Each structure stands twice: as C-alpha cells, then as structure tokens.
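Please read these numbers as outputs of a predicted model, since none were measured by experiment. We name chains A, B, ... by the order of the sequence lines, and we start the count at 1 in each one.
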Number of protein chains: 2
Amino acid sequence: MGDAVKSPRARYREQVRDEIKAHAWTQVATTGASALSLNAIAKQMGISGPALYRYFRNRDELITELVLDAYRDLYDTWRAAVTPGDSPEARLAAMASALRRWALATPHRYLLIYGTPVPGYAAPPEATELAAGLMALLLDAFAETEGKAENEAATALEHHLATHRQWAADHPAPPSALRRALTFWTRLHGVVSLEVAGHFTGMNFDPGLLYAAEGDSVVNAP
Amino acid sequence: MGDAVKSPRARYREQVRDEIKAHAWTQVATTGASALSLNAIAKQMGISGPALYRYFRNRDELITELVLDAYRDLYDTWRAAVTPGDSPEARLAAMASALRRWALATPHRYLLIYGTPVPGYAAPPEATELAAGLMALLLDAFAETEGKAENEAATALEHHLATHRQWAADHPAPPSALRRALTFWTRLHGVVSLEVAGHFTGMNFDPGLLYAAEGDSVVNAP
DNA sequence: ATACTTCAGTTACAGCTTCTAACTAACACA
DNA sequence: TGTGTTAGTTAGAAGCTGTAACTGAAGTAT
C-alpha cells in the first residue's frame with residue numbers, strides 16, 4: 001500500500017480494476033447507472049461473471065467508485081476551467097459553462113451524482129468531502145465579491161446560514177457568500193438537470209440562454 | 001369503450017388494474033421506480049407473475065401509467081392549493097409550497113417525473129400535455145404580474161422566448177411571463193430535487209428557507 | 001530447489017428478474 | 001346448449017447478482 005513501487009500483482013490488479021471501470025463507464029454513458037450489468041462487463045472482457053467479484057465486492061461498490069471518479073473529474077474540470085488570476089465573476093462564469101458542457105457531454109455521468117440515487121447505494125463520506133471541495137471553489141469566488149439579499153426570504157436565509165454553516169465550517173466565507181454559492185449551485189442544477197433529463201425537449205427554446213441568465217442572476221446581481 | 005355503463009368484465013378489469021397500480025405505488029414510494037418488480041406485485045396479490053401481463057403490456061407501460069398518475073396528482077394538488085380569487089403572488093406562493101410538500105411527502109414520486117429517466121422509458125405525448133397543463137397554471141399567474149429582466153442575459157432570454165414559445169403556443173402570456181414561469185420552475189426544481197435526492201443531508205441547514213428565498217426571488221422580484 | 005501460501009479465474013448453482021408460449025377453466029352471450 | 005373471449009395457470013428461456021467450491025498459476029519462504 002505504502003510502497004512507491006508496487007508489486008506486479010498489485011499493478012495487474014489495478015490495471016484490471018481500471019479496465020472494469022472503463023467498461024462500466026461506457027455502459028453508464030449509454031444506458032445509465034441503474035442498468036449497469038457486471039455480467040455484461042465480464043462478457044465484454046472475455047472473463048466469467050463471478051471473476052469480477054475479485055475486484056469489487058458487489059455492484060454497489062463499483063457504482064460508488066464511479067461516483068467518486070465523477071466527482072474528481074468534475075473537480076479537475078473546474079480547476080482546468082478557471083484561470084487563477086481572473087476576477088471572481090469571470091471564474092464563476094467559467095465554472096458555470098464548464099459544468100453545463102461537462103453535463104451535456106455525458107448526461108448520465110451528471111445524473112449519476114446529482115440525479116435520482118440508485119436504490120441501495122449509500123454515499124460514502126469521501127463523496128461528501130469531494131462535494132465540499134467543489135463547493136469550496138464556489139465559496140472562494142463568492143467570498144471575493146459583494147451581493148445583497150434581494151428580498152426578505154433571502155435575508156432570513158442569510159441569517160440562518162450564519163449559524164448553520166457546518167458544511168463550510170473550514171471556509172472563511174461570510175454568510176452572504178454562503179447564500180450566493182448555495183443559490184448559484186441550485187439555480188444551475190435546476191436548469192441543467194431538467195435539460196439532461198430531457199424535460200426541455202420539444203419545448204423548442206434554447207436552454208443555454210436560460211442557463212446563462214440563471215448563472216448571471218447570482219453573479220451579476222444588480 | 002364509449003359505454004357509460006361498463007360491462008362487469010370491464011369493471012373487474014379496471015379494479016384489478018387499480019389494485020396493481022396501488023401496489024406499484026407503495027413499491028415506488030419505498031424503493032423507487034427503478035426497483036419496481038412486477039413479480040413482487042403479483043406475489044403480494046396472490047397471483048402468478050405472468051398474470052399481470054394481461055393488464056399491462058410490460059413493465060414500462062406500468063411505469064408510464066404511474067408517471068401520468070403522478071402528473072395528474074400534482075395538477076390536482078396545485079388546483080386545490082390555490083384560491084381562485086387570490087392575488088397572483090399568493091397563488092404562486094401557494095403552488096410553490098404545495099410542490100415542496102408534495103415532493104417531500106413521497107420523494108420517489110417527485111423523482112419519477114422530474115428525476116433520472118428510467119432506461120428504456122419513453123415519455124408519451126400525454127405526459128407532455130400534462131406538463132403543459134402545470135405550466136399553464138404558472139403562466140396564468142405570471143401573466144397577471146409585471147417583472148423586469150434583471151440583467152442582459154435575462155433580457156436576451158426574454159427576446160428569444162418571444163419567438164420560441166411553441167411550448168406555450170396556446171397561452172396569451174407575454175415573453176416576460178414565459179421567462180419568469182420558466183425561471184420559477186427551474187429554481188424551485190433546483191432546490192427540491194437536490195433535497196429529495198439527499199444532497200443537503202449532512203449540510204445542516206434548512207432547505208425550506210432556501211426554497212422560500214428562491215420562490216420569492218422570482219415572484220417578488222425587486 | 002522445493003514446499004507453502006496467496007489469489008485469479010473457473011464452473012455450478014440459488015434465487016431473483018422480465019417476458020413468451022401453451023394450456024385450462026370460467027364467464028358472457030346468442 | 002354451444003361458442004367465443006379472457007383471466008389465470010405452469011413451464012421455460014434468457015437475463016441478472018451473488019456464493020461456494022474447485023483448479024491452476026504465481027509469488028514467497030525455507
């Protein structure tokens with residue numbers, strides 16, 4: 001485990017695990033996580049079904065691994081999308097459009113982490129930490145900008161968040177930033193989740209414009 | 001079919017169909033639609049598995065029926081929530097809080113229509129019509145109020161919607177109302193979908209306050 | 001070098017799923 | 001009383017997850 005140079009067995013094991021995950025991803029991308037079949041993966045790899053259980057305790061463990069990978073990939077995507085020196089507004093805009101591109105590229109990957117939870121699956125603590133890492137990127141940016149609560153309910157929320165901020169306990173962002181980061185997240189998710197779930201198809205308008213307006217509504221609040 | 005008084009066979013058939021759906025609903029409520037098992041329903045009813053195929057062509061047809069029922073139920077809930085004479089603001093507030101209550105009462109029912117689509121399932125045209133019926137209730141209210149686009153992106157969206165309004169073709173609401181209804185929908189969905197999917201658990205804040213702020217942000221825009 | 005242990009992969013199987021095919025038995029109606 | 005419709009049956013194909021028991025190869029220790 002702590003070895004810098006891994007044994008050949010461990011290397012082989014890791015390689016097969018990666019191959020399994022690669023096949024799992026193509027399956028998720030096409031049919032979604034709920035239809036993921038370990039048997040089908042084994043068949044594609046030319047091995048028997050039960051052989052996969054040497055590498056993953058069960059189906060849920062494989063799915064959990066995919067969820068964590070998805071979080072990490074989104075985190076990397078955001079890190080790659082922002083230019084460190086840029087203004088917070090520019091960084092938020094970059095993260096917003098990167099998120100939608102990431103979601104539309106592989107809708108089922110987005111739904112895997114933000115859609116209907118697959119029955120029986122329990123999010124591991126690591127997933128919560130990765131989600132917090134994403135949130136931290138938003139908080140970093142919002143902490144650098146000002147933004148007034150636009151109505152009484154928003155003010156009430158902001159006051160509430162001043163004392164209910166365990167989810168951002170180790171981040172110095174003020175309540176206003178917490179509120180705007182949360183709002184940013186839910187507004188973007190509201191648009192993109194309905195889009196990837198196909199709820200806009202047939203409505204004949206451009207979801208990209210709605211998405212842009214929603215992102216701007218939080219970042220460039222009047 | 002067109003008979004006002006149905007034959008005893010048809011009545012029996014309808015009764016069994018309803019019983020199947022009732023069992024399906026309790027199953028959906030506990031484990032979600034993706035884990036719905038026709039076999040398990042048959043066992044609960046004391047009949048053999050294949051007998052159910054007399055009443056539903058296949059699993060997807062049963063799920064489709066549940067989806068349509070859910071839409072109808074949400075529509076009725078909204079109709080019951082609003083008081084006709086009330087101000088549009090009051091009606092929108094009533095629909096918003098009714099929606100969240102409806103979603104939290106049976107999370108999987110909300111996810112059935114607004115969550116990850118179950119693989120293989122294709123939304124029937126009737127579902128689109130029912131969704132349009134829900135949207136019409138929002139449009140009715142927003143058409144009675146004023147609301148300015150708060151930034152350039154929102155203005156661009158509003159202009160776009162002036163010429164891309166097939167989804168509200170038979171509704172006289174102006175572009176501003178279309179924009180606000182759409183925004184209302186996605187903002188409420190953004191909060192409630194993350195809430196029912198469990199993404200707020202462990203964050204230790206009250207989603208109800210965020211939900212209220214989001215609803216107000218569209219209805220009581222400054 | 002030989003013996004021992006670890007482990008990847010195998011087949012067989014239990015138990016679950018959807019769904020089809022063929023058959024029986026009850027009912028409606030003329 | 002006869003005929004056609006239909007609700008239900010069992011049998012079974014083909015798929016799934018997951019367990020048990022076994023084989024054979026690779027790594028490790030003596």
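Whole-Å rounding puts the B/Y53 OH to D/dA7 P distance at 16 Å. Rounded to a whole Å, the CG atom of A/L38 is 15 Å from the C1' atom of C/dC16. Rounded to a whole Å, the CD1 atom of B/I41 is 8 Å from the P atom of C/dT18. Remark: P of D/dG18 and CG of A/D60 are 7 Å apart, rounded to the nearest angstrom. When the P atom of C/dA8 is taken as reference, atom CZ of A/R11 falls 15 Å away, rounded to whole Å. C/dT11 atom P lies 13 Å from atom CG of A/N39, rounded to whole Å. A straight line from NZ of A/K43 to P of D/dT17 spans 10 Å, rounded to a whole angstrom. In this structure, B/F56 atom CZ and C/dT18 atom C1' are separated by 16 Å, rounded to whole Å.
A distance-only check finds a donor-acceptor pair linking the side chain of A/H164 to the backbone of A/H160 [under 3.5 Å].
Side chain of B/P50, nearest nucleotide from D/dG8, C/dT20, C/dT18: C/dT20.
Listed here is the closest heavy atom pair of A/A29 and A/H108: O-CD2, 3.5 Å.
B/S217 and B/R187 form a side-chain donor-acceptor contact under 3.5 Å, judged by distance and modelled atom types alone. A donor-acceptor contact closer than 3.5 angstrom is absent between the side chains of B/R57 and B/Y53. If you check the side chains of B/T83 and B/R91, you find no donor sitting under 3.5 Å from an acceptor.
Not one side-chain nitrogen or oxygen of A/Y55 sits closer than 4.0 Å to the OP1 or OP2 atom of C/dC7. Side-chain N/O atoms of A/S37 include none lying less than 4.0 angstrom from OP1 or OP2 on D/dG15. Taking only side-chain nitrogens and oxygens, B/Y12 comes nearer than 4.0 Å to OP1 or OP2 of D/dG8.
B/W102 has its ring centre no less than 6.0 Å from the ring centre of B/Y75.
Across the interface with DNA chain D, nearest-nucleotide mapping of A/A40 and B/R13 shows B/R13 to be the residue nearer the 5′ end.
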Base versus backbone protein contacts along nucleotides 25-30 of chain C [heavy-atom cut-off under 4.0 Å; B, S, -]: -BB---
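When heavy atoms are screened at a 4.0 angstrom cut-off, A/S48 is found touching base atoms of the nucleic acid. Counting non-hydrogen atoms under 4.0 angstrom, B/L36 reaches the backbone sugars and phosphates but no base.
The side-chain tip of B/R165 does not point at the ring of A/F205 from less than 6.0 angstrom away and within 45° of straight on.
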